[in-house]
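Quick notes on the structure that follows.
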Amino acid sequence: MEFLKGLNAQQREAVTHTEGPLLILAGAGSGKTRVITHRIAHIICSKHVAPSAILAVTFTNKAAGEMRERVAGLLENEGLDSQPTVSTFHSFCVRLLRRDGDGLARIRPGFTRRFSIYDDDDQLLIIKAAYRSLGLDEKDFLQYRAALSRISHTKNLKQTPQDLYRTATSKEQERLAALFEAYEKALHMANALDFDDLLLEAVRLLEHDEATREAWNRRLSYVMIDEYQDTNRCQYELMCLLSQSHQNVCVVGDEDQSIYSWRGADIRNILDFERDFPKAKIIRLEQNYRSTKNILSAAGAVVENNKARKGKKLWTESEAGDLLGLYPAFDAENEALFIADSIDKQLASHPDDAIAVLYRTNFQSRQLEEALRRYGRKYNIVGGFSFYQRAEIKDTIAYLRLSVSTADSVSLLRVINTPARGIGRTTVEQIEAQAREKGISLWAAIEQTIDGHQLSTRSQSSLVTFRNVIQELALVASAEPLPDLIKFLLDRTGYRKMLEQEKTPEAEARQENLDELITAATEAVERGETVWEFLDHAALVAEADAYDEKAAVTLMTLHNAKGLEFPVVFIAGMELGLFPHSRSMNSEEMLEEERRLCYVGMTRAQKRLILSWAKYRRRFGGGEQERSTPSWFLSEIPENLLVNLGPQEDTGEVDLTAERYDARQSARRNTYTGKAYNSLENITQFFSERGIAFNPPKPAPPPRPQPRQAPVIPPRPSLPAKPLPPPAAPPRRITRAGMTVEHPKYGKGTVVRREGDGENAKITVNFPQHGLKKLVEKYAGLKRD
DNA sequence: TGATTGTTTGCTCCA
DNA sequence: CAAACAATCA
């Protein structure tokens, strides 16, 4: 069979083992995408299975698109009339619910197939409203986000608010139950599903609606799931429900790359697969085709420190390659400049090498972007502020959602007074109270309020205007094509006018974004999509979907880098508190996940891998620079695989400071404070508008040649490589970052950072129960643990 | 009511 | 350093 050509023995086995449950443990870079695509092609061609009987699930829409293309490429000459279904779990569930979801109305009050999808901004608004209605305050209860995550967790355990009430043993648990109840009620009232619901309700639908379940089981005969290590319980159940009759499930994953437990991913899905499917066949792909030996051994050495793993050893036939670079920067700005400079040099000698700069948190991108801009380097950025998160886009989407579903209260609140039409806080509060009292939707409350003439004439007329606008939109929505609807909407609501009157460059940019939205809508219609599909798409596009492989330089978080590969990779900000993140330093499990994240990042690199950290970093925009400690992960890499790219320790700081001053001056001239524009064109335009020539500065930091080979390892953390229990020999300072301390009131916590010296030093401590607290050392009464 | 100004607070990671 | 929130004034 020609689909087996060029595959190694294990890969071939994985492709040809088509019947029954199959677990493929695929190490990083072991060719798993290849295996999946070839397996699909093999099933279709040699087993004569209709493509539509195959479902493949990927992690992002982008990955789904790529896989679809690759399969189509393989099957190009086969003259097939259908394509296999390749999608993410979430997209699949949305389609399922929109198509076959009617039966759900029996078990979910108020549900119709015209539901809205609420993203986390929407969720936040709901939870805030719930706090308000219960008279709770974020300050003396959980933070909104924490409450949401607790609720999400509870939902995924299939527990209801009533379950929570029943098991509640404290006031706090009762409050959480009440919040949960209010939150769920608000979603039901708005006929909205959050991301958890998409999966949960799809499972419930398949469980309760026998006809639908059987139809899907008849239709599908092979199910494949990629990135299986990052599936949650619900996705697992969905998989089981869809493959009940045939059990032809093939899952592909790598327990060392499980990095989404915070989102509910359950690593047991992969660790217990054999137990759940006793007849399962297991195939290991351990030959790595991506990275050099040095990169692979370094990454392996790091992840080896994890206990919760099955353990496997990747190997490669490739050469040793370069040593890994290590750059201890003076501060974050210097780090960014070093990276920009190294990229310049790299591209000068290897213009075709794609380069990725990876970091733990989105906010780090800022300084990196600035440095790249100053080098005049075009770059691609994944995440941060995505198109669909921009205010003007969300507003327009909210109008669209309202025009097809007036029940959508979050959208309603979002636009009820944008543009300003005289409906202020008090009016809105009145409507909300009315809705709460009568248990009706906000829209219904508005209609009642209008009919009852309960408001001042002014508010009354404003409200009538709003209602008329929405009714008119609904009318147009049912008659006109989507792009025309959007144009009409922007006109009729006065939204475009509002932007025009602003006359600022930002407002202009916003208008352009809206034009882009109209273009997107036009294209969607050309593809034959309905309004609903368009809105679903807007809700489900992922950060990673925006990644464009054509740009030479790509900036993204480590999470977004999953599944990708680059000849050259930088990982920035390898410091304690940042990576591993301070919020993940309190338990061994969380730390292991951070370590896996590090492993994922390192194994993205094919030829060169450069790690950096900054000795001083500002935590917030304004404040003081704070001293940082190198990441534990750095010291887990064998020294003989590293080469120091920074100046020598003793002489280094002086030069770096001088350089830093230079850089500051030049940055001061060149920085601007507008929105982060992502393309060089915009930046150049920005400067030309201001009459400043934009010339990429002379390469800034001088990583000078290394006289000796002996690498200078970053000052070893004076902490043991294992975080808990912590250190032994703090000199006269009572506390240091990374240390566990005990506070008389808050109990045990981990020191995250320290500012200042002596007994007046302020330290930030992370207490698992109480979150971050800033304490003055001499008053805090801390005891070393 | 709504615009303006002042003040505070916050940084995970994402479908 | 921003966005989000609060307070103030027109």
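Numbered from 1 within each chain, the chains take letters A, B, ... in sequence-line order. All values derive from a computational prediction rather than experimental measurement.
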What residue among A:Glu626, A:Glu335, A:Glu333 forms salt bridge (Lys or Arg N to Asp or Glu O under 4.0 Å) with A:Arg617?
A:Glu335
Classify [X] by what it touches in the nucleic acid, base, sugar-phosphate, or nothing, heavy-atom distance under 4.0 Å.
X        : value
A:Ser91  : nothing
A:Ile423 : sugar-phosphate
A:Asn417 : sugar-phosphate
A:Arg421 : sugar-phosphate
A:Ser462 : nothing
A:Tyr260 : sugar-phosphate

Presence of salt bridge, [Y] and [X], under 4.0 angstrom:
X        : Y        : result
A:Lys394 : A:Asp119 : yes
A:Arg98  : A:Asp536 : yes
A:Arg401 : A:Asp408 : yes
A:Arg618 : A:Asp331 : no

Would you say [X] places a side-chain N or O within less than 4.0 Å of OP1 or OP2 belonging to [N]?
X        : N      : value
A:Asn232 : B:dA15 : no
A:Thr60  : B:dC14 : no
A:Asn362 : B:dT12 : no
A:Arg360 : B:dT12 : no
A:Asn560 : B:dC14 : yes

Mark yes or no for whether [X], through its side chain, and [Y], through its backbone, hold a donor-acceptor pair below 3.5 Å.
X        : Y        : result
A:Thr231 : A:Tyr236 : no
A:Asn306 : A:Glu592 : yes
A:Ser459 : A:Leu455 : no

Measure from the ring centre of A:His559 to the centre of the six-membered ring in the base of B:dC13, then say whether that distance is under 5.5 Å and the planes meet at under 30°.
no
Let's see if you can work this out: which of B:dC13, B:dA15, B:dT12 has an atom nearest to the side-chain heavy atoms of A:Asp120?
B:dA15
Atom-to-atom span, [atom1] of [X] to [atom2] of [N] - whole angstrom:
X        : N      : atom1 : atom2 : result
A:Lys562 : B:dT12 : NZ    : P     : 21 Å
A:Tyr359 : B:dT12 : OH    : C1'   : 13 Å
A:Leu193 : B:dA15 : CG    : C1'   : 14 Å
A:Asp122 : B:dC14 : CG    : P     : 18 Å
A:Arg617 : C:dC1  : CZ    : P     : 17 Å
A:Glu589 : B:dC13 : CD    : P     : 22 Å
A:Glu593 : B:dC13 : CD    : P     : 14 Å
A:Leu124 : C:dA3  : CG    : P     : 16 Å

Of A:Gln123 and A:Gly422, whose nearest nucleotide on DNA chain B comes first from the 5' end?
A:Gly422
Would you kindly compare A:Trp262 and A:Gln143 by the position of their nearest DNA chain B nucleotide and give the one closer to the 5′ end?
A:Gln143
On a whole-Å scale, what distance lies between the P atoms belonging to C:dA6 and B:dC11?
16 Å
In whole Å, what separates the P atom of C:dA4 from that of B:dC13?
15 Å
Give me the distances for all protein-to-nucleotides 4-10 of chain C N/O pairs that come in under 3.5 Å?
from: C:dC5; atom 1: OP1; to: A:Lys128; atom 2: NZ; distance (Å): 3.0

For A:Arg604, enumerate each residue passing the salt bridge (Lys or Arg N to Asp or Glu O under 4.0 Å) test, keeping only those at least two apart in sequence or located in another chain.
none
